[in-house]
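This report refers to the structure that appears directly beneath it.
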Amino acid sequence: MHNIYLKLNKHIQTALDSAFPEEAAHAKKEGNLLNPQLAKATKPEFGDFQINGVFSLAKTLRKPPRQIAEIIVKQLVKSDDFNSFCLPPEIAGPGFINLTIQNNYLTKELISLLTDEHLGVPFATENSDDKSESVIVDFSSPNIAKEMHVGHLRSTIIGDSLARILSFRGHNVLRLNHVGDWGTQFGMLITHLKRVAPQALEKANVVDLGDLVEFYRQAKKKFDEDEYFQTCSREEVVKLQKGNNESLQAWKLLCAQSRKEFQNIYDRLDIDLCERGESFYNPFLSDVVEDLQKSGLLVQDAGAQCVFLDGFKGKDGNPLPIIVKKRDGGFNYATTDLAAIRYRLKSKPNGDGASRVIYVTDSGQASHFAGVFQIANLAKWVPQGCLLEHVPFGLVQGEDGKKLKTRSGKTIRLKDLLDEAIERAKADLERRLLEEGRVESQEFIAKVSTTIGIAAVKYADLSQNRITNYQFSFNKMLSLQGNTAPYLLYALVRIAGINRKGGNFDLKLTYPQFTEPQEWALVREILKFDDVILEVEKELLPNRLCTYLFELSQIFNRFYDQLPILKSNEPSLSCRLMLCRLTGDILRKGLHLLGISTLERM
RNA sequence: GGACCGGUAGCUCAGCUGGAUAGAGCAUCUGCCUUCUAAGCAGACGGUCGAAGGUUCGAAUCCUUCCCGGUUCACCA
C-alpha cells in the first residue's frame with residue numbers, strides 16, 4: 001500500500017496547509033512541513049492508516065486534540081479525490097484519526113498485481129526519484145584452506161538474502177566474497193604442500209588435496225613442532241609476496257582446491273557469489289598508506305604506521321592506534337579493508353563505483369568497521385551520498401546458550417550441519433508418510449527433505465532479528481508448527497493443491513466482489529508486500545520479511561480453513577482463486593528473496 | 001576499566017519516525033477431519049517490558065544512572 005500511503009499523505013498535507021495556513025507557513029519557513037505522522041494502523045479495527053500528528057498540533061495551536069482532528073477531517077472530505085478512495089475518516093480516542101481505504105479501491109490495486117511481475121514493489125531505475133544504486137554486498141568470506149563452519153552460516157544466508165532483495169528492488173548488486181586468500185598462514189601451507197606433493201607445482205590439477213582441513217592441521221602441527229619448517233614458512237611468505245613463480249603456483253593450487261569445496265556448499269545453498277579475495281587488493285595497499293600520509297592522518301608509533309581516531313582507547317585508557325603498516329613493513333587487515341573501501345567507491349574503471357557498500361559480518365567486528373569507515377571518511381574517500389554500512393549479526397549458540405559446538409567441543413562443519421538438517425527432515429517426512437499411508441518415490445522423498453532441510457536452516461536464521469545471538473535448534477526450525485520454513489512451505493503446497501484441482505480462473509470474467517472478512521483480511525495483507533520490501537531495503541533486516549510471510553500464511557490458512565474455495569459458487573470461486581494465486585505468488589517470491597526454494601507437494 | 005550490543009510471558013523471540021488495551025510461536029489445557037494436504041483452524045492460560053529517575057498529552061521505544069549477560073580493546077583476520 002505504498003502508493004496509497006503517499007497519496008493519503010499528500011491529501012493530509014494539503015488539508016493541513018489549508019486548515020492551518022499560519023502554522024504551515026511558519027513550518028515551511030523553518031524548512032519543514034507540518035507532520036501529520038501518518039502511519040499504518042496499529043490494529044485492524046482502526047482501519048488501514050492512522051494520523052498521529054494531531055496531538056503535537058494541538059499543543060502548538062493550544063486547542064483540544066479532538067477539535068483539531070475535526071478541522072482536519074472536515075478539510076479532507078472536501079476533496080472529491082480523497083472521497084473517491086478513502087472512507088470518511090473517523091476520530092477516535094483522545095484524537096486519533098483513523099482512515100479506511102474503500103473496498104473498490106483495494107480491489108483495483110489487487111487487480112493490478114495480477115499482471116505485475118513485481119507484485120506492486122517499485123522498481124528503482126536510473127532516471128527516477130527512486131534511483132537505482134550500485135550496491136556491493138560483502139558476505140560469506142571464508143578463509144582459504146579452511147572449511148566453512150557455522151560461523152559462516154549467518155553471513156552467507158543473511159548476505160545472500162539482502163543481495164536478492166536489493167536486486168529485486170532494481171539496484172545493481174555486486175555480491176563479493178572477500179575470501180581470506182592472503183596472509184602468513186600461506187607460508188606454512190605452501191611449505192607443507194611442497195613437501196607432500198612437489199609434483200603439484202609442475203603441472204596443474206594433478207593433485208587432489210582432499211580434506212583441506214586435515215592438510216591445514218598437518219601443516220600447523222609441523223609448524224609448531226619443527227623449527228626448520230618455521231624458517232621455511234617465513235621465507236615462503238616473502239617469496240610469495242615477491243611473486244615467486246613456484247610459490248604462486250602452490251598458492252593458486254590451494255585456492256583452487258578451497259574454491260571447489262566452498263562451491264559445493266554454495267551450490268547446495270543456492271548462493272551466487274563473485275570471489276574477490278584479499279589478495280586482489282595487494283597492489284593498492286601501499287597507495288592506501290601513501291594516501292593517508294598525504295592527508296596527514298598517518299602517525300608513526302612504536303615503529304608501526306598508524307592512524308589515531310577519536311573514541312578508540314585501549315585497556316589502559318590511552319588512545320588506541322589502528323595499524324595500517326606493521327613494524328616489519330607488512331600490511332594487515334585494516335589496510336586491506338581500507339584498500340577495499342577505496343577501490344569499491346572509486347568510479348569505474350579504476351574501481352567499482354559503488355554508492356552503498358554493505359558488510360555482513362558478525363558484530364564482533366563492529367569496532368573494526370567503525371574504525372576503518374571513520375578513516376575512509378577522514379581520508380575523503382567516501383563521495384557525497386555514498387554509504388558504508390556494517391550489518392552486524394550475533395553469535396550462533398547451541399540450545400544450552402553457549403557457542404555452538406559438537407559434543408566433543410569442535411566447531412561444527414557447515415556441511416555436517418546441512419546434512420543433519422536434511423536427514424532430520426527426511427525422518428520427519430517418512431514418519432508422516434507412514435502415518436498417513438502415503439507412498440512416494442525415493443526421488444520425491446529426497447527432493448522434499450533436501451528442500452525442507454535447507455529451507456529450515458535458512459529460515460530459522462533469517463526470521464530472527466540478526467542483531468541478537470541466535471539459538472540454533474534443529475527441533476525448532478524443522479517444527480511443523482509456528483514461524484518456521486515448513487509452515488510457510490505448507491501454505492504454498494495447499495495453494496498448489498488447489499491449482500492442480502482446477503484452480504485456473506479467467507480474470508477478464510471477474511471483477512472481484514469480496515464479501516467475507518477472511519477475504520478482506522487476505523486482500524489487505526497481500527497489498528502490504530511492497531511496504532515490507534521497502535522497509536527491508538532500508539533497514540537491512542530480513543526478519544521483517546519473514547514476519548510478514550508468516551502472517552500472510554496465517555491469514556491464508558484461516559481463509560483456507562474457514563471458507564470453501566473450489567466448492568464455492570461464482571463469483572466467490574473466481575475471487576477466492578484470485579486470492580490463492582496472489583498469495584502463492586507473494587509467498588513464492590518472498591521465500592525466493594530469502595533464498596528459499598519452494599515445493600508443489602510435501 | 002573503556003567501547004559496542006542485548007535484557008519483553010515458563011521457553012524462543014517480534015515490536016517500524018514515541019501512539020490507543022504489550023504481540024507471536026512453543027509448551028500446557030479445551031474444541032474442530034464423510035469436505036481443496038489437520039504439517040491446519042478456533043479458543044483458554046500466561047507480563048512490575050532488568051531497576052530507578054527524567055523528557056512528553058503519551059515511553060518497551062528517547063535521555064541519565066545503576067544491575068545482569070555477551071562481544072571487543074597494538075602489529076592475527
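Letters A, B, ... are given to chains in the order of the sequence lines, protein chains preceding strands, and every chain is numbered from 1. Owing to the predicted nature of the structure, the values given are computational and were not obtained by experimental measurement.
- Within the nucleic acid shown, A/Ala92 comes within 4.0 Å of at least one base atom, counting heavy atoms only.
- Here, B/A60 and B/A51 have their C1' atoms 14 Å apart, quoted to the whole Å.
- If you check B/C41, B/U37, B/U71 against the side chain of A/Gln562, the one that comes closest is B/C41.
- On the P atoms, B/C68 is 32 Å away from B/G23, given to the nearest whole Å.
- Using a 4.0 Å cut-off, some side-chain N or O of A/Thr468 falls inside it from OP1 or OP2 of B/A14.
- If you check every strand for non-hydrogen atoms under 4.0 Å, A/Ile495 touches nothing.
- Neither OP1 nor OP2 of B/A42 sits under 4.0 Å from any side-chain N or O of A/Tyr560.
- Heavy atoms of A/Ala334 sit nowhere under 4.0 angstrom from any nucleic acid atom.
- In the set B/A24, B/A39, B/C13, B/C13 carries the atom at the smallest distance from any side-chain atom of A/Gln471.
- Donor-acceptor pairing under 3.5 Å is recorded for the side chains of A/Ser574 and A/Glu570.
- Between the side chain of A/Tyr333 and the base of B/A77, at least one donor-acceptor pair of N or O atoms lies under 3.5 Å.
- When the nucleotides B/C4, B/U21, B/C36 are ranked by their closest atom to the side chain of A/Lys43, B/U21 comes out on top.
- Straight-line distance between the P atoms of B/A27 and B/C11: roughly 16 Å, to the nearest whole Å.
- Distances shown here put every side-chain N or O of A/Arg558 at or beyond 4.0 Å from the OP1 or OP2 atom of B/C41.
- Heavy atoms of A/Gln365 sit nowhere under 4.0 angstrom from any nucleic acid atom.
- When both distances must be under 3.5 Å, the Watson-Crick or G-U wobble mate of B/C36 does not exist.
- In this structure, A/Asn465 reaches the sugar-phosphate backbone alone: every heavy-atom distance under 4.0 Å involves primed, P, OP1 or OP2 atoms, never a base.
- The C1' atoms of B/G31 and B/U12 are separated by 27 Å, rounded to the nearest whole Å.
- At the heavy-atom level, A/Gln37 lies under 4.0 Å from base atoms of the strands shown.
- Comparing the same atom, C1', in B/G15 and in B/C76 gives a spacing of 39 Å after rounding to whole Å.
- Each of A/Glu435, A/Glu436, A/Glu430 was evaluated against A/Arg432; a single residue qualifies, A/Glu436, per the side-chain hydrogen bond (donor to acceptor under 3.5 Å, both in side chains) test.
- Taking 4.5 Å as the limit, some side-chain heavy atom of A/Arg466 sits within range of a side-chain heavy atom of A/Val391.
- A/Asn465 and A/Thr468 form no side-chain donor-acceptor contact under 3.5 Å, judged by distance and modelled atom types alone.
- Judged by distance alone, with hydrogens and angles left aside, A/Gln50 brings a side-chain donor or acceptor within reach of the base of B/A20, the pair sitting under 3.5 Å.
- At a threshold of 4.0 angstrom between heavy atoms, the contacts of A/Ile467 are confined to the sugar-phosphate backbone, with no base atom among them.
- For the OP1/OP2 pair of B/G15 and a distance below 4.0 Å, the side-chain nitrogens and oxygens of A/Arg544 include at least one atom meeting the criterion.
- Taking a pair to require two hydrogen-bonding distances under 3.5 Å in either a Watson-Crick or a G-U wobble arrangement, B/C26 pairs with B/G10.
- The side chain of A/Lys59 lies closest to B/U56 when the candidates are B/U56, B/U12, B/A39.
- For the residue pair A/Ser279 / A/Asp181, a side-chain donor-acceptor distance below 3.5 Å is found, with atom types taken as modelled.
- A/Phe96 comes within contact range of at least one nucleobase, with a heavy-atom separation under 4.0 Å.
- Distance check on atom P: B/U8 versus B/U48 gives 11 Å, rounded to whole Å.
- Below the 3.5 angstrom threshold, one finds a donor paired with an acceptor across the side chain of A/Asn98 and the base of B/A20.
- The phosphate of B/C13 has OP1 or OP2 within less than 4.0 Å of a side-chain N or O from A/Gln464.
- Contact annotation for A/Leu534: no contact, since no heavy-atom pair falls under 4.0 Å across all strands.
- Across all strands shown, A/Lys40 has heavy atoms under 4.0 Å from base atoms, whether or not it also approaches the sugar-phosphate.
- Comparing B/A74, B/A39, B/C36 by their nearest atom to the side chain of A/Asp301 picks out B/A74.
- Of the nucleotides present, B/C63 is the one that pairs with B/G53 by Watson-Crick or G-U wobble criteria, both distances under 3.5 Å.
- OP1 or OP2 of B/A38 has at least one side-chain nitrogen or oxygen of A/Tyr490 nearer than 4.0 Å.
- Across all non-hydrogen atoms, the minimal contact from A/Ser568 to A/Ile565 is OG-O, 2.6 Å.
- Nucleotide B/A3 forms a Watson-Crick or G-U wobble pair with B/U71, both donor-acceptor distances falling under 3.5 Å.
- Distance from the side chain of A/Phe550 is smallest for B/G25 among the nucleotides B/A74, B/G25, B/G40.
- If you check every strand for non-hydrogen atoms under 4.0 Å, A/Gly317 touches nothing.
- Across all strands shown, A/Asn543 has heavy atoms under 4.0 Å from sugar-phosphate atoms exclusively, and none from any base.
- A/Gly183 comes within contact range of no nucleotide atom at all, as no heavy-atom separation falls under 4.0 Å.
- Residue A/Lys501 places at least one side-chain N or O under 4.0 Å from the OP1 or OP2 atom of B/U37.
- OP1 or OP2 of B/A38 has at least one side-chain nitrogen or oxygen of A/Arg494 nearer than 4.0 Å.
- Side-chain N/O atoms of A/Asp337 and A/Tyr359 include no donor and acceptor closer than 3.5 Å.
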